Amino acid sequence: MTKRKAGKFFIYLFAIFWTIMTLFPLFITFLCSVKDNSGITLGMFKWPEVFRWSNYADAIEKAGILRAVVNSMFVSLISTVFIIVIGMFAGYVLARKKFRFRGIVYSIFLIGVMVPVHCTIIPISGMATAVNGKNSFWFLILVYIAFNLSQAIFLFSGYLQGIDKELDEAAIIDGCNDFQLLTKILFPVSAPIISTEAILAFVYGYSELIFAMILMTDASKYTVSRAMLTFQGGYNVNLGPIFACIIITIVPMVVLYIAFHEKVQDGMLTGAVKG
Amino acid sequence: MRAKKRKDLIIIVMFLLPAIVIFACFIAYPVGDTIFLSFRKWKGIYGASREWVGISNFTKVLADKDFWKSLLNSFYFMIGGFVILMPLSFGLALIITSKIKGAKLMKTAYFMPVMLGTTAVALMWVYILNPSYGAVNEILRFVGLDKVTKDWLSTPTLNIWCVILVNEWMFAGYNMLIFAAGLVSIPGDLYEAAQLDGCTGWKKIRYISIPLSKESFKIFSILCVTGCLKAFDIVWAMTKGGPNRSSEMPATLLYNEAFTYKNFGKSSAIGVILLVLGIVLSLGMNQIFRRKE
């Protein structure tokens with residue numbers, strides 16, 4: 001019995017240890033976000049003497065971080081919507097139709113999942129120059145769609161294959177054509193997998209770095225990841241507002257996560273297992 | 001009947017078209033262009049000629065010790081994944097699936113880092129690891145270990161391990177979910193039966209939980225092996241591959257060759273190698289695990 005107690009004690013100890021480990025960087029970042037430079041350099045742990053909320057005003061006005069958050073939200077929301085719509089249309093065809101090149105189309109998208117994004121950055125950068133797509137949100141959105149689409153198509157066609165075909169037949173007897181069948185019946189039925197993909201695509205788009213770095217050079221169009229990189233390097237900088245910026249960029253995600261944490265966890269899991 | 005078939009074909013084409021077009025423009029064409037460029041010399045000037053140089057870009061890459069260094073670093077990523085991340089996330093999965101108080105809350109907390117975004121996480125830790133005022137050195141000084149304090153991100157080899165640990169801090173909760181999903185699917189009466197046979201505590205984990213989580217270990221292994229080649233964001237945001245290219249990963253090397261040193265041909269050759277390695281690894285991993293079944 002004592003052995004069992006010891007085991008339980010160990011579990012609790014480790015659980016608490018990792019809870020602290022997880023929350024501690026966030027806590028320190030928050031503390032630093034309300035200090036001035038001397039307060040930070042004196043020690044990150046020290047409780048701030050005065051809470052300088054003005055750091056947040058600086059982060060918004062001088063560093064323009066709110067703008068980056070809005071940019072990121074815009075890019076990731078729009079790309080998510082397109083990924084879902086385009087992915088559902090393609091997924092529907094792959095799940096429900098029989099045609100000659102089905103196998104080929106399927107394996108094309110399978111390769112799409114495996115291609116590492118990095119080996120496309122030079123041509124995509126060149127394309128952007130050619131079509132005047134640098135600093136264009138639409139070009140960035142198209143790239144984000146491209147790199148999430150293959151996975152979306154797999155998730156969607158897999159899910160649609162699991163839905164009974166009798167549903168389709170009933171709808172067709174009622175006079176639905178393919179388009180109506182998909183938009184009016186299969187879209188709502190697929191809500192769980194759609195929300196899974198929406199979460200994956202949104203999180204990806206919000207914090208994506210490499211394409212944002214190559215394609216966006218105009219500071220007013222930076223997304224959050226790109227904007228945060230500009231902080232590094234300088235020495236005589238005001239540190240407080242930098243920490244405030246970090247906090248501001250993670251707040252939307254934390255709020256989103258806390259509100260939908262179960263859905264988000266499920267979604268990320270499905271993405272990992274089937275992706 | 002024929003009319004219906006034709007209508008069906010139109011539907012198929014119309015529905016697939018957007019996906020195919022995007023795929024062709026943003027994945028197929030760039031990959032083709034990367035392969036094309038990998039045999040040429042190009043300094044990245046738009047419209048300038050691209051001179052055919054045969055396989056010299058590849059021989060250059062393979063003779064470059066920075067390239068092998070970057071492969072070694074991604075090998076470290078993989079080692080770190082199996083030696084630290086795997087037991088850690090499995091342990092966390094055991095915790096959140098056990099009956100201790102607050103397990104649900106802990107699950108929510110443990111998973112959070114992955115939502116914060118790589119750059120934010122990286123930046124947070126860059127400051128925490130700062131040699132002069134960072135919290136890590138502060139703690140070390142506080143407990144009297146002044147000698148151990150280091151400039152973590154500027155010391156070669158140590159810096160890549162710092163990046164790996166931060167990466168693992170971020171993804172521990174994520175992988176925990178993979179293991180937890182496996183653990184909850186193990187039938188409870190199995191544990192009860194084991195208990196009757198005198199199997200308790202650690203033994204239960206050793207003889208029931210671990211063997212029956214084979215599927216989760218499989219998924220973890222696939223993600224870990226294929227993921228270690230792709231790591232870019234976290235390395236870039238923490239060290240940019242430096243100092244002196246000591247923490248370079250294949251992906252950051254590719255980026256630096258192209259956009260810092262303007263060797264687009266050589267960079268493309270790295271891209272092609274990455275592409276082949278990536279596809280071989282993911283097909284290989286699938287093959288290995290499928291054969292076992």
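Computed from a predicted model, the values in this text were never measured in an experiment. Numbers restart at 1 for each chain; the letters A, B, ... are given by sequence-line order, proteins then strands.
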Which bit of [X] comes within less than 4.5 Å of chain A, counting heavy atoms only: side chain, backbone, both or neither?
X: Phe259(B); result: side chain
X: Phe36(B); result: neither
X: Tyr174(B); result: side chain
X: Asn137(B); result: neither
X: Ile178(B); result: both
X: Ala172(B); result: side chain
X: Met112(B); result: both
X: Ile35(B); result: neither

Exercise. Salt bridge check: are Lys104(B) and Glu262(A) linked by an N-O gap of less than 4.0 Å?
Worked result: yes

Exercise. Taking every heavy-atom pair that is under 4.5 Å apart, which of Leu94(A), Ile258(A), Ile145(A), Ile108(A) has the most such pairs with chain B?
Worked result: Ile108(A)

For this session: Under 4.5 Å, counting heavy-atom pairs only, tell me which of Pro116(A), Ala152(A), Ala15(A) racks up the most with chain B.
Result: Ala15(A)

Problem set entry | For Asp266(A), salt bridge (charged side-chain N to carboxylate O under 4.0 Å, His left out) partners two or more places apart | none

Is [Y] close to [X] at the side-chain level, that is, under 4.5 Å between some pair of heavy atoms?
X: Lys230(B); Y: Val117(A); value: no
X: Phe179(A); Y: Ile11(B); value: no
X: Tyr127(B); Y: Cys32(A); value: no
X: Leu92(B); Y: Phe14(A); value: yes
X: Phe89(A); Y: Met14(B); value: no
X: Ile86(A); Y: Ile22(B); value: yes

At a heavy-atom separation under 4.5 Å, does [X] approach chain B through its side chain, its backbone, both, or neither?
X: Ile242(A); result: side chain
X: Val105(A); result: side chain
X: Met88(A); result: neither
X: Ile247(A); result: neither
X: Thr19(A); result: both
X: Val115(A); result: both
X: Phe24(A); result: side chain
X: Leu239(A); result: side chain

Seminar exercise, completed: NE2 of His118(A) to CG of Leu254(B), rounded to nearest 0.5 Å, is 8.0 Å

Problem set entry | Flag if over 12 foreign heavy atoms under 6.0 Å of CZ, Phe142(B) | no

